[in-house]
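One structure is given below, encoded as structure tokens.
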Amino acid sequence: MSFSGMIKEELAEHYANARHCKLAELSAIIRMSGVFAQDKKGICYVHVHTENFTVARKCFTLLRKTFNIGISIAIRRNMTKGSASYDIYAKGQELLAVRKAMVQAVCCKRAYIRGAFIAAGSMSDPGKSYHFEIVCDTRGEAEYLKEIMNSFDTDAKIVERKKTYVVYLKEGSQIVDILNVMEAHIALLEFENVRIVKEMRNSVNRKVNCETANINKTVSAAVRQIEDIKYIRDTVGFDKLPESLKDVALTRLDYPDATLKELGGLLREPVGKSGVNHRLRKLSEIAVKLRD
């Protein structure tokens, strides 16, 4: 099962106690996957179409728990693809309460986001990337959802994709927050576990890359130093060099792999790392002048 499927399965089992929260969640599901309409007699009815059994089950159960009205469901199976689609129908003036649901309380906002994700949301595998999104049919619905999500201190954005509008989050910490808002606590813990392992791996890789770069830099510097010293030796020799430079030149040739600190301790008169670096730089300058 995909990570999105796991989240939806968890959310499908979550039912708010308060009626106003049920109305908010139903409102989101119907807005994302269905329509509100009126029959010839002016009676309100809803039609929800989905190819996801979890969405169909949640919508049907919410309607049944919230209203005492007739509800029907039609299932169409595609034998070729091995899939099915679900059409849920409900009629009654009571449904106007869903259409006019006020999503203002924090608990109702949680329920609305939960319903929107169940109906039209998806999330990438956190082991590969961080991406949470809910697809809306209209710009107005996307703006409304974005406002509700951002009331929980997230930074949801909207992008237009073909003829739809996608409300999305890409920051791992904000996805954690929105999972908590929807009360998908099992999925949140799984996401955090993956995120911790991923960040630890990235941290180790960064350190290894940094150490490798430092080693390469040190080796390259040592190679250049030895080339300069050999050039001086083969052109003018070491006899005309000051004793301090001659000492470090001979020591570097004897110990090509030594660090600057180790090199300083091997000199006749030991000096610190900066002192060795200064002398090697002087030797490099002499080599450059000789080459010129």
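Everything quoted here is computed from the prediction, not taken from an experiment.
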Close side-chain approach of R64 and T61, heavy atoms under 4.5 Å:
yes
Worked check of side-chain contact (heavy atoms from CB on, under 4.5 Å) between D87 and I73
CA-CA 6 Å; D87 289 275; I73 182 167; over 6 Å; no
Side chain E133, main chain G121, donor-acceptor under 3.5 Å
no
Identify whether the distance between the nearest side-chain nitrogen and carboxylate oxygen of R291 and D228 falls below 4.0 Å.
yes
According to side chain to side chain contact (heavy atoms under 4.5 Å, CB included), who are the partners of V236, at least two apart in sequence or on a separate chain?
I232, L290
Quick one: do F36 and V98 satisfy side-chain contact (heavy atoms from CB on, under 4.5 Å)? Show the steps, please.
CA-CA 9 Å; F36 287 99; V98 182; 3.6 Å; yes
Just wondering, do E183 and L188 contact through their side chains at under 4.5 Å, heavy atoms?
no
Test side chain to side chain contact (heavy atoms under 4.5 Å, CB included) applied to V106 - qualifying residues, sequence neighbours left out:
R110, F152
Among all residues two or more places apart in sequence or in another chain, which pass the side-chain hydrogen bond (donor to acceptor under 3.5 Å, both in side chains) test with K230?
none
Contacts of type side chain to side chain contact (heavy atoms under 4.5 Å, CB included), residue A120, not counting sequence neighbours
M32, I134
With sequence neighbours left out, the residues meeting side-chain hydrogen bond (donor to acceptor under 3.5 Å, both in side chains) with N17 are none
Of all pairs that satisfy salt bridge (Lys or Arg N to Asp or Glu O under 4.0 Å), the ones with a partner from residues 12-33, not counting sequence neighbours
E13-R57, E25-K58, E25-R114, R31-E141
In one Ile/Leu/Val/Met/Phe/Trp/Tyr side-chain cluster, 4.5 Å: I286, L253:
yes
Test L145 against C136 for side-chain contact (heavy atoms from CB on, under 4.5 Å), laying out the working first.
CA-CA 9 Å; L145 177 60; C136 303; 4.0 Å; yes
Test of understanding: clusters of I, L, V, M, F, W, Y form through side-chain heavy atoms closer than 4.5 Å, transitively. Do I29 and I69 belong to the same one?
yes
A184 and I7: which non-hydrogen atoms are nearest, and at how many Å?
CB-CG2, 4.2 Å
Look at atom CG of N68 and say whether more than 12 heavy atoms of other residues, nucleotides or ligands are closer to it than 6.0 Å.
no
For the OG1 atom of T251 and the NZ atom of K246, what is their distance to the nearest 0.5 Å?
11.5 Å
Within one Ile-Leu-Val-Met-Phe-Trp-Tyr cluster: I71 and I75, side-chain cutoff 4.5 Å
yes
Nearest heavy-atom contact between S27 and A101 is CB-CB, 4.2 Å
Heavy-atom count check: over 12 atoms from other residues, nucleotides or ligands less than 6.0 Å from K282 NZ?
no
Only counting residues at least two apart or in another chain, list the ones meeting ring-ring contact (aromatic ring centres under 6.0 Å, His included) with Y86.
F53
Kindly list each side-chain donor-acceptor pair under 3.5 angstrom involving residues 153-160, sequence neighbours excluded, with atom names and distances?
| residue | atom | partner | partner atom | Å |
| --- | --- | --- | --- | --- |
| T154 | OG1 | M149 | O | 2.9 |
| T154 | OG1 | N150 | OD1 | 3.0 |
| D155 | OD2 | K157 | NZ | 2.7 |

dist E10:CD -> I118:CD1 (nearest 0.5 Å) comes out at 10.0 Å
Of the non-hydrogen atoms in K198 and P126, which two are nearest, and what is the gap between them?
NZ-O, 3.4 Å
All pairs passing ring pair (Phe, Tyr, Trp, His ring centres under 6.0 Å) where residues 185-236 contributes a residue, at least two apart
Y130-F191
Does CZ in R139 sit with more than 12 non-hydrogen atoms of other residues, nucleotides or ligands closer than 6.0 Å?
yes
When you measure from the side chain of S151 to the backbone N and O of I148, does any donor-acceptor pair fall under 3.5 Å?
yes
Ignoring hydrogens, what is the shortest heavy-atom contact between M123 and F132? Give both atom names and the distance.
SD-CD1, 4.2 Å
Can you tell me if S33 and T50 form a side-chain donor-acceptor pair at under 3.5 Å?
no
Give, for atom CZ of F3 and atom OG of S124, the distance between the pair rounded to the nearest 0.5 Å.
9.0 Å
Should we count CD of E94 as having more than 12 external heavy atoms under 6.0 Å?
yes
E9-T54 side chain donor-acceptor pair, cut-off 3.5 Å
yes
Taking the side chain from D247 and the backbone from E243, do they hold a donor-acceptor pair closer than 3.5 Å?
no
Mark yes or no for whether S122, through its side chain, and S4, through its backbone, hold a donor-acceptor pair below 3.5 Å.
no
Nearest 0.5 Å, what's the OG-CZ distance between S274 and R281?
9.5 Å
Test side chain to side chain contact (heavy atoms under 4.5 Å, CB included), reference R252, set L260, L283, V276, output is L260
For atom CD1 of I226, decide whether the heavy atoms of other residues, nucleotides or ligands shown that lie under 6.0 angstrom number more than 12.
yes
Qualifying residues under ring-ring contact (aromatic ring centres under 6.0 Å, His included), relative to H47, sequence neighbours excluded:
Y89
Linked, directly or transitively: V48 and Y45 (ILVMFWY side chains, under 4.5 Å):
no
The reported gap from CD1 in I43 to CG in D39 (rounded to nearest 0.5 angstrom) is 5.0 Å
Check for me, please, whether L179 and V194 land in the same ILVMFWY cluster - side-chain distances under 4.5 Å, paths through other members count.
no
Decide yes or no on side-chain contact (heavy atoms from CB on, under 4.5 Å) for S284 and R224, but give the supporting numbers first.
CA-CA 8 Å; S284 177; R224 287 195 303 273; over 6 Å; no
Pairs under 3.5 angstrom only: tabulate donor-acceptor contacts from the side chains of residues 164-171 to other protein residues two or more places apart or in another chain.
| residue | atom | partner | partner atom | Å |
| --- | --- | --- | --- | --- |
| T164 | OG1 | R161 | O | 2.8 |
| K170 | NZ | H131 | ND1 | 3.2 |

Do you know the tightest heavy-atom contact between C44 and L95?
SG-CB, 3.9 Å
Rounded to the nearest 0.5 angstrom, the NE2-CD distance for H20 and Q104 is 12.0 Å
Over all atoms of both residues, closest heavy-atom pair of S173 and R195:
N-NH1, 3.5 Å
Using 4.0 Å as the upper bound for N to carboxylate O, is an ion pair formed by E211 and K207?
no
Counterpart residues, ring-ring contact (aromatic ring centres under 6.0 Å, His included), relative to F67 (two or more places apart)
none
